[in-house]
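Model, not experiment: these values are computed from the prediction.
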Amino acid sequence: MQLGLVGLGRMGFNMRERLRAAGHEVVGYDRNPDVRDAASVAEMVEKLSGPRIVWIMVPHGDPTRQTVEELSGLLSAGDLVIEGGNSKFTDDQANAALLAEKGIKYVDVGVSGGVWGATNGYGLMAGGDAEDVERALPIFDALRPEGPREEGFAHAGPVGAGHYAKMVHNGIEYGLMQAYAEGFELLAASEVVTDVPATIKAWSKGTVVRSWLLDLLVRALDEDPELSELRGYVQDSGEGRWTIEEAINNAVPAPVMTAALYARFASRQEDSPAMKAVAALRNQFGGHAVHKQSDG
């Protein structure tokens, strides 16, 4: 098949290479002239034969909305836009409605696999009409991991379902990473365990906590056994927050994912105002010692 791809960053570039390796023709556009195949989105569209398929792989929010708007003026009725970034599922309804005015189809796809996807394949969760998803199956099959389709691809539901599924996936990811991180810290703090990296590596085969995330932690510890080269500062890309919002909206208890998100917030505070307040209160009611800034 032939595909236009807008966005050739860490994910988009690798996706283009995997698609080409599977025999698909990909015309990519990116602001970086060193990686693009077309000098503009318009030129990319011109190089595609109708009916066209264009995959968007740019940051969520305004960059995605602006790309959808630009494509709405360049594509024709019967063309298909696939939005594969990390957009909030509520944005998909607006994107689909804008394109529908021109008869352009829309499918949203949650994509998981990170920088390893080029080799291992990507987990894909699609939202949209069945016929639109069916039309793009050769592309999805090239991107997903080898093996049964249902183990790496799902048509999750109508427009918005793909990004909703990816949102929940990332919320779970937050919780899993936080659990591994807390286990690592406890082992490192203990005087009983003397080889933390070896202990964690021993979990990677045969235990109930084995996973690809654990394998990545083992890899990180092989490179830096005490993680001394890293700061304990963790950003969040938005999906964790949206997951908790949806948990609240649907009255679904999500204490693990919520705690993991708050732990990321805490990681960005060099000196927590909340803990200053706790220290002040302990000093006020119990005379407990406090550490002044001048104490070093």
Is it true that [Y] and [X] share a donor-acceptor pair across their side chains at a distance under 3.5 Å?
X    : Y    : value
E17  : N14  : no
Y174 : T243 : no
S87  : E83  : yes
E182 : Q178 : yes

Thinking salt bridges, do [X] and [Y] make one under a 4.0 Å N-O criterion?
X    : Y    : result
D222 : R219 : no
R135 : E131 : no
D37  : R16  : yes
D79  : K105 : no

Contact check, side chains of [X] and [Y], non-hydrogen atoms, under 4.5 Å:
X    : Y    : result
L3   : V27  : no
E151 : P145 : no
Y29  : L5   : no
V133 : D129 : no
L216 : W116 : yes
L227 : L221 : yes
R264 : M177 : yes
Q2   : H24  : no

Starting at [atom1] of [X], measure out to [atom2] of [Y] and round the result to the nearest 0.5 Å.
X    : Y    : atom1 : atom2 : result
S76  : L48  : OG    : CG    : 11.0 Å
M167 : E239 : CE    : CD    : 9.0 Å
L124 : D141 : CG    : CG    : 9.0 Å
I200 : Y180 : CD1   : OH    : 10.0 Å
Q66  : E69  : CD    : CD    : 8.0 Å
L137 : D132 : CG    : CG    : 11.0 Å

### Task
Assign the ring pair F140 / F153 to parallel, tilted or perpendicular, where the plane angle (0 to 90°) is split at 30° and 60°.
parallel
### Message
Applying side-chain hydrogen bond (donor to acceptor under 3.5 Å, both in side chains) as the test, list every pair that has at least one member in residues 95-104; sequence neighbours left out.
### Response
N95-Y106
So does [X] have more than 12 non-hydrogen atoms from other groups sitting under 6.0 Å from [atom1]?
X    : atom1 : result
E43  : CD    : yes
R31  : CZ    : no
F265 : CZ    : yes
E226 : CD    : no
R20  : CZ    : yes

If you group Ile, Leu, Val, Met, Phe, Trp and Tyr by side-chain heavy-atom gaps below 4.5 Å, do [X] and [Y] land in one group?
X    : Y    : value
Y122 : V6   : no
M125 : Y164 : no
V68  : V54  : yes
L99  : V45  : yes
I172 : V209 : yes

Any side-chain to backbone donor/acceptor pair from [X] onto [Y]? Under 3.5 Å, distance only.
X    : Y    : value
D195 : A198 : yes
S190 : L186 : no
S204 : K201 : yes
D224 : E229 : yes
N32  : D34  : yes

### Query
Between L71 and I56, does a side-chain contact (heavy atoms from CB on, under 4.5 Å) hold up when you go through it step by step?
CA-CA 10 Å; L71 287 170; I56 301 173; 3.7 Å; yes
### Summary
For A254 and A247 the tightest heavy-atom approach is CB-CB, 3.9 Å
### Summary
Tightest non-hydrogen contact, residues A156 and G162, listed as CB-N, 4.4 Å
### Passing candidate, side chain to side chain donor-acceptor pair (under 3.5 Å) with K88, options H60, H163, E245
E245
